Number of protein chains: 2
Amino acid sequence: MKKPVDLSARIASDIRASIVEGRLIVGDRLPSESELAEQFGVSRSTVREALKRLAAQSLIRTQRGAAGGAFVNHLSFEDAMAQQVTTATLLLSMNAISFDVACEARFALERACAPLAAARRTEDQLARLRSEIGRQSQPGLTDEEFCASDVAFHRALVDGAGNPVLSYQLAGAVEGMLPLMNMITFTARKRVQIVNLHSRIAEGLTRRDTVAVEAALHGLEDYTRTLARDVMAAREAARG
Amino acid sequence: MKKPVDLSARIASDIRASIVEGRLIVGDRLPSESELAEQFGVSRSTVREALKRLAAQSLIRTQRGAAGGAFVNHLSFEDAMAQQVTTATLLLSMNAISFDVACEARFALERACAPLAAARRTEDQLARLRSEIGRQSQPGLTDEEFCASDVAFHRALVDGAGNPVLSYQLAGAVEGMLPLMNMITFTARKRVQIVNLHSRIAEGLTRRDTVAVEAALHGLEDYTRTLARDVMAAREAARG
DNA sequence: CAAATCCTAAATGTCGGACAAATGAAAAAA
DNA sequence: TTTTTTCATTTGTCCGACATTTAGGATTTG
């Protein structure tokens, strides 16, 4: 693709291509830093910078010691999700993404999970949903705790679809929005509304009623956007 | 969160937190490598390895020269999508994700875009869709070219939703599946079927008929999975 | 003989210094 | 004023050294 000018970037790019295209597979050990330095005709420092680049993308891991070295990493869903979340967070905060756009994307993705979750949800997952609803009804909760429980609820919903790829995709969308959601103050009255909608979702899934779940998600999207609009309006008024 | 043992990882983590939490904002210049080395009480090499880690995540960019240094990068959708695609590709190839699971996730996400795309599609986007359909009908196309056009078609479909966050999410799902899709040989007969379904999608969008688009996407998902199953079966038979 | 201990070689992690190359800005020349 | 030159700053690269970790062999000990 591109021609990186820096040697360390070029070397990282080379090795990355080897991994992506399957010439190096999971568990393979790369040559030692000294050997790589000789192979590429650069110093060990430069090789190290290249390896750190790859490590930052979770493509390799390094072990010290006699049988140590750099190994092609098994990219787990957890690793990928962690990256996804930080990337999504920055993407939203840096690109002047409006709350509406982020919200729309998030609920569109969640609704995509509804039919699958309705068909496959287990009793365990239903219990998780109800447990989070119970927590959200507790009076002493801070806004942050309420938000955290909200995230847990929606992750449980998505996990109900039983598709790890969807869970991975959604994690970024939902958790990336957390900073934005945390700006909203959830009064008792608002919490009741949200908990009601959550209950409708849980009931819909219990009855395996896709349409009901989608409708509740639509309601939740509308209500969330209304809340955000009010927050923005209040903020405007305070400034003017 | 975690306690990185390596100094370069720890420093990278520190600076990353500063960026994510807003203490450093887009365009800000970090102290020079020497200054950072002094601040953190480490050598310049260690600082450099930390900075390379951040550069690998597109969090910073570096400039040489007098007014150079490391600057907090503006994370564009393009950068994020490129990362997303390589991550998704590796995720699918390393985690023994079945074709069915990947396919299901992809089409679930695409169907999520259908209502939005039906409401907002422009004439330009419709023209793009028809243009790709035209290309896919040409007889001389290789399988790779057919796949590439297929990707372009689906990206245009998703872009029709007019939500950059959705476009970003989908890019990973669709392009990450490319290596898997490329394993399928598209005979003339199969191509006709696919082009027919693509046409139904384009027609549905033209009429702003969400239900028709979703139905066509369902049909395409089923057909794609059938094709994959046949490929796998043929492969099994060849081995046995 | 078996088990525990020690030793050693190999590899990454860190350090410090050195020079090259790029680059913007100040100083000098036209 | 405009152009050229010089220069200080900063990243990119290289080298050599030592510390730290670790697996596995060698040695000692029961």
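In what follows, chains carry the letters A, B, and so on, assigned in the order in which the sequence lines appear, proteins first and then strands, with residues in each chain numbered from 1. Just so it is clear, the structure is predicted and the values come from calculations on it, not from any experiment.
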- Query: How does protein contact run along nucleotides 12-25 of chain D, one letter per nucleotide 5' to 3', with B for base contact, S for sugar-phosphate only, - for none, heavy atoms under 4.0 Å?
  - Reply: BBBB-B--BBBB--
- Nucleotide D:dT9, atom C1' - distance to CG of B:Leu36 in whole Å: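 Atom CG in B:Leu36 sits about 15 Å away from atom C1' in D:dT9.
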- Query: What is the distance, rounded to the nearest whole Å, between atom CG of B:Leu51 and atom C1' of D:dT10?
  - Reply: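 Between C1' of D:dT10 and CG of B:Leu51: 12 Å.
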- Query: Is the backbone N or O of B:Val165 less than 3.5 Å from a side-chain atom of B:Asn163, with the two atoms forming a donor-acceptor pair by type?
  - Reply: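 Yes, the answer is positive, given that a donor and an acceptor are paired below the 3.5 Å cut-off.
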- How is B:Arg29 classified with respect to the nucleic acid when contacts are heavy atoms under 4.0 Å: base, sugar-phosphate, or nothing?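 It contacts sugar-phosphate atoms only.
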- Message: Using the rule given for side-chain contact (heavy atoms from CB on, under 4.5 Å), can you reason through B:Glu110 versus B:Leu170, listing the C-alpha separation, both sets of side-chain angles and the distance that settles it, and then say yes or no?
- Response: CA-CA 8 Å; B:Glu110 285 198 41; B:Leu170 263 290; 3.9 Å; yes
- Item | side chain to side chain donor-acceptor pair (under 3.5 Å) against B:Asp230, all qualifying residues, sequence neighbours excluded |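 With neighbours one apart ignored, the set is empty.
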- Go through the side-chain N and O atoms of B:His198 and B:Asp150 and say whether any donor and acceptor fall under 3.5 Å apart.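 Side chains of B:His198 and B:Asp150: pair found under 3.5 Å.
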- Query: Between A:Thr89 and A:Thr86, does any side-chain donor sit less than 3.5 Å from a side-chain acceptor?
  - Reply: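 No donor-acceptor contact under 3.5 Å links the two side chains.
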